[in-house]
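Here the structure comes first, spelled out in structure tokens, and everything after it is commentary.
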Amino acid sequence: MSEWFTLLISTLDATLRVSTPLLFAGLAGLYSERAGVVDIGLEGKMLVGAFAAAAIAHLTGVVWLGLIAAIIVSVLFSLLHGFASITHRGNQVVSGVAINILASGLTMVLGLAWFHQGGSTPSLTNNERFTAIQLPFAESMQTVPYIGPLYSDMLSGHNILVYLAFALVPLTWWVFYRTRFGLRLRAVGENPKAVDTAGISVATLRYQAVIIAGVLCGFAGAYLSTAQNAQFIRDMTAGQGFMALAALIFANWRPWPVLFACLLFGFLDAVAVRLQGVSLPHIGTVPVQLIESLPYILTVILLAGFLGKSRPPKADGIPYVKER
Amino acid sequence: MTAQHSKYALELRGITKRFGRVLANDHIDLQIKAGDVHGIIGENGAGKSTLMSIIYGFYEADSGEMLIQGQPMSIRNSQQAIAAGIGMVHQHFMLVDNFTALENIMLGAEGGARLKQSAEQARASLNELAKTYGLEVPLDTPVDQLSLGVQQRIEILKALYRKARILILDEPTGVLTPQEADDLFRILATLKADGVTILLITHKLREIMAITDCVSVMRHGKMVAHRVTAQTSMPELAELMVGRKVRQHVERKAQPAGAALLEVTNLSVTDASGVRRVKNVSFTIGAGEIVGLAGVSGNGQSELLQALSGIIRFQAGEVRLGDTTITPKRSKNPAQLRRLGLAHVPEDRHRMGLVLPFQAYQSQILGYQREARYNATITLKDKVMADEYAQRAETFDIRPRDPHLQSSNFSGGNQQKIVLAREIFADPQVLLIGQPTRGVDIGAIEFIHQHIMDMRNAGKAILLVSVELEEIMTLSDRIIVMCDGMITGELSHDEANEKNLGLLMANAGAKEASA
Amino acid sequence: MKPATAQRWANLLILPTLNILTAFVVTTLVFLAIGVNPIDAAKLLVKGAFGYQNGIGYTLYYTTNFIFTGLAVAIAFHAGLFNIGGEGQAYIGGLGVGLVVLAFDGWLPAIILIPLAILAAALMGAAWAAIPAYLQAYRGSHIVITTIMFNFLASSLMVYLLVNVLGEKGQMSPETRSFAESSFLPTWSEMLGWFGIPFASSPLNISFLFALFCCFAVWVFLWKTRWGYELRTVGANPDAAIYAGINPKHIVMMAMLISGGLAGLVAVNELLGVQHRLLLGFNAGYGFGGIAVALMGRNHPVGIVLAALLFGALYQGGAELSFDMPNVTRDLVVVIQGLIILFSGALESMYRPQIQRFLSRFVKDEVSA
């Protein structure tokens with residue numbers, strides 16, 4: 001088997017790992033924004049989730065409790081966003097910015113005060129984090145040419161959250177297009193007045209969507225600190241929430257395209273890491289930063305209308321005011 | 001416990017609704033007989049839509065009582081209204097654009113958490129309904145690909161699917177072609193035959209006469225009259241809608257019109273959604289002449305006014321302003337038109353005429369902010385602006401006089417005076433005025449009218465757009481009437497009366513085919 | 001009391017005060033959560049920020065940055081735009097400074113070099129804002145999203161340039177060579193020294209005065225010129241703007257260019273005034289801090305100076321606090337920023353119903369249409 005194939009497998013393997021938090025957060029944004037609530041605060045919710053997961057997993061020694069804590073804390077921030085933007089009809093972008101900054105500050109302040117490690121949480125042992133799962137037959141398939149490594153090295157050997165993230169895509173599609181809740185959710189992001197006149201509460205629906213977004217951001221955060229890494233580090237989201245937002249926009253606010261956008265952005269990240277300092281034949285050194293910023297460049301080009309038409313949910317970001 | 005107990009499908013007693021300081025519905029009483037088509041007419045802003053929204057549970061009345069099939073009902077949200085058998089087709093359809101007809105109809109009445117079974121059931125019963133009432137619609141096409149007529153049928157199906165026995169239609173023909181409107185009336189007739197009670201909200205008199213059994217008239221938030229349709233006439237209804245007011249006295253001296261200052265030829269305006277709002281309109285205004293533009297609101301007057309003032313573009317025709325010819329290709333923006341001697345008092349002073357957070361003397365230069373007399377090299381001359389404002393405030397009796405008060409803190413009448421003073425003092429050759437006395441107290445009306453008359457006497461050409469017939473008749477030398485984007489007639493000051501204007505406004509003289 | 005007066009009181013004084021108080025109450029809770037006595041902390045904070053000359057110097061030095069970014073956010077806001085891109089615009093402004101100084105510091109005298117570098121900072125900041133502005137005005141792309149993206153792009157670009165192009169070889173951290181002294185801005189202690197007044201050495205430099213001048217200039221521009229008039233008209237009522245013959249697209253461009261230019265000036269304080277070289281992350285946090293400053297200062301230059309002073313003091317006092325209290329980090333300021341944005345921004349009307357009910361007791365309702 002060629003060296004290139006091995007490299008490809010390892011890059012794709014890394015792609016899956018890097019895409020996972022993007023996918024959780026991207027789907028979180030999908031629920032929120034398809035219901036008409038702009039979510040700039042994905043980054044912040046991931047961050048508090050990551051902090052809560054690492055802190056609780058360390059204190060209790062139980063990673064699942066860490067996950068639950070991440071979800072609870074992230075949902076609390078979601079509710080804050082809902083309170084500002086649904087109940088008080090505040091500016092959703094301002095609220096999102098506040099949540100990001102608040103999350104960044106709070107995790108640093110509380111992290112230092114509680115753990116005295118410069119804002120990080122103590123390292124987690126393998127018992128305190130999500131570890132790799134070997135899929136059935138991974139061992140025995142290894143030797144089968146091409147398909148073997150593809151299965152054993154790329155698909156197998158990830159932690160449970162990775163598989164969950166990818167399973168959430170068809171689930172989300174099913175919820176959106178095959179259930180009553182999905183029908184109403186999509187409707188409230190397009191035309192809340194139509195939903196209201198159909199006798200459904202706009203606020204309740206939007207709160208539900210925002211809470212789901214909180215739960216998913218909790219997963220994303222827990223993944224960062226208790227699966228991909230083994231501790232919380234200050235500002236460890238490092239823009240992944242915004243990357244997820246870009247993926248959501250790039251995917252035109254639809255479930256399957258969100259998966260592909262996250263995989264694409266994850267792949268670019270994985271490639272960038274592997275190209276660090278590598279000189280390619282005929283091309284020379286490719287600036288890693290260029291590859292890293294491709295997601296943002298692509299998103300801006302898309303938004304400018306040069307790559308098909310961007311079609312956000314019509315009521316996205318607009319508070320619903322019933323009385324005139 | 002059903003309809004037998006009461007001959008009224010719906011009865012309202014003393015319904016009152018207030019929005020802030022505005023009394024939108026003032027002790028409304030209304031009785032709708034079961035199985036009737038009952039019309040409700042009134043000008044825009046008369047409170048019809050608010051009343052319907054209360055019946056539909058979209059707004060909650062502040063006080064009053066509602067009985068459905070004789071039973072007192074308290075309806076607090078649309079869900080309860082739907083359960084009580086009320087359905088509503090809103091003026092602006094409540095459809096999710098990228099949903100199919102089926103999804104739109106199911107929304108809120110899905111029947112189960114999973115869509116599949118409910119969709120099957122819905123499809124079956126919709127096919128049934130479609131057959132019964134002639135309401136065929138493509139169920140699986142996104143509604144934004146369907147015509148407005150079909151979208152409206154979806155709205156009706158939505159109501160029927162929820163088993164509505166009382167159907168409210170708010171301005172249903174506003175967006176329809178004449179053929180689609182005919183289809184609608186045919187469908188309504190079928191529904192009526194099936195015992196459905198229909199409430200038709202409209203300001204189109206012809207529709208009232210054509211299909212209703214009874215009609216109620218609203219004006220300024222009050223229910224002012226009830227008539228049996230067969231025993232009334234369009235002119236009577238027009239008069240009831242607009243209301244008789246004490247004729248105000250404004251001195252009018254005889255004055256022949258001078259040279260044409262504004263000439264409009266075959267002007268057409270198409271709005272963003274592709275509907276033609278102004279159709280081949282032509283007229284001329286001479287120096288020292290007030291031309292009144294009458295019509296029920298929503299018949300293209302606003303669009304005409306905005307096109308003439310450069311706010312929106314017109315797609316065909318030509319406007320001559322003094323020596324300048326304006327065509328769709330050589331369009332002028334509002335700033336350029338102002339320099340050519342055209343001033344504009346917009347219909348809605350809050351939306352366009354003023355910047356509410358600005359201090360009064362700042363709103364006073366809106367549109368003229370680049371004029372040399374207000375500008376030093378870099379800065380605006382605050383003192384010049386404030387002094388000039390003070391003088392204008394004196395002349396126009398704007399109260400309070402304080403130039404530094406926020407524009408939003410003046411009463412409607414005084415805000416209007418700020419706008420009028422600005423446009424009149426600009427000393428234009430042509431003055432476009434929209435709704436000069438809307439929301440203005442009685443005392444200020446005469447004052448404003450006098451100033452408009454003074455401008456005429458000073459040899460300016462004035463286009464006056466107003467839904468107040470009294471105002472049009474008092475001020476205008478000539479009156480042109482618009483209906484459905486077209487000019488339906490022209491009357492001189494002496495010829496015009498409420499009756500012949502009313503007929504022209506309803507375009508009642510025209511043949512059915514051109515409606 | 002007339003309704004208008006009551007409204008004014010509610011908007012200008014009562015609501016903002018309540019909002020900021022709420023933010024500080026929550027801050028107190030955070031202090032308690034980390035086991036710090038809020039009163040002790042406040043004392044240390046104030047002492048660290050204002051208790052001695054060096055502290056004051058640092059406070060005003062931070063204030064300078066917040067004034068620039070606060071003004072940047074405010075001017076966009078007055079045109080109805082939300083510029084989240086101050087962070088990136090400041091960064092690229094630094095690139096402008098760096099390029100000019102590195103190219104010319106060998107032979108241009110200070111009197112030409114410094115103005116040129118300042119101009120470059122403003123122009124590059126404006127250029128970085130111009131693309132999102134153009135996309136908003138002419139292609140309808142949402143400026144919030146594009147400015148966020150441009151923050152990341154700026155960051156990547158600067159890393160690339162500093163690592164691969166501009167960075168000094170053989171250095172551990174990616175940064176350029178030191179600027180020549182001809183580019184150094186006079187510090188406060190030097191300037192006061194000219195008059196024989198002793199002042200402790202600190203990063204505070206002449207940029208602070210320049211920032212105050214910018215406040216004045218922005219005030220004049222927004223409220224005293226026809227361009228400002230048109231800009232505010234577009235922000236307050238786009239329909240009225242069109243009625244008045246103002247092209248909103250042009251205003252979007254103008255507002256964002258000025259906004260980006262102001263953000264770019266952070267680089268003047270940081271690079272010409274203090275760091276004397278181009279380095280990574282000199283802009284960190286000031287762009288977002290500017291949002292809090294603008295919201296708290298109600299988008300008025302005077303308010304912005306006061307809010308910037310508060311944040312400058314928190315930055316400096318917070319640093320002192322973290323010396324004395326090992327449980328506290330300076331990042332507490334970030335928490336306060338977040339809370340201020342939350343309560344003065346997203347939840348600004350939270351208390352409005354209660355306030356209105358309270359005030360209505362004192363209001364004589366006038367009969368008016």
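Per chain, numbering begins at 1; letters A, B, ... match sequence-line order. Treat the numbers as computed from the prediction; the structure is a model and nothing was measured.
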- Item | side-chain contact (heavy atoms from CB on, under 4.5 Å) assessment of A:R186 paired with B:V96 | CA-CA 9 Å; A:R186 287 182 290 131; B:V96 181; over 6 Å; no
- Should B:R114 and A:W174 be marked as a side-chain contact (heavy atoms from CB on, under 4.5 Å) after you check the CA-CA gap, both sets of side-chain angles, and the distance that decides it? CA-CA 10 Å; B:R114 290 180 59 184; A:W174 184 79; 3.7 Å; yes
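Contact count against chain B (heavy-atom pairs under 4.5 Å) is highest for A:R178 among A:R178, A:R311, A:K314. Highest contact tally toward chain A, considering only B:H90, B:K158, B:M88, B:R162, is held by B:H90 [criterion: heavy-atom pairs under 4.5 Å]. In terms of non-hydrogen atom pairs under 4.5 Å with chain A, the most contact-rich of B:N77, B:N104, B:D97 is B:D97.
At a 4.5 Å heavy-atom cutoff, the contact between B:L107 and chain A is made by backbone and side-chain atoms alike. Contact of B:H92 with chain A is not made at all, since no heavy-atom distance falls under 4.5 Å.
Across every non-hydrogen atom of B:I82 and A:A198, the tightest pair is CD1-O, 3.8 Å. Across all non-hydrogen atoms, the minimal contact from B:Y56 to A:T197 is OH-O, 2.6 Å.
A donor-acceptor pair under 3.5 Å is formed between the side chain of A:N191 and the backbone N or O of B:L95.
One finds the OG1 atom of A:T179 at 14.5 Å from the NZ atom of B:K116 (value rounded to the nearest 0.5 Å).
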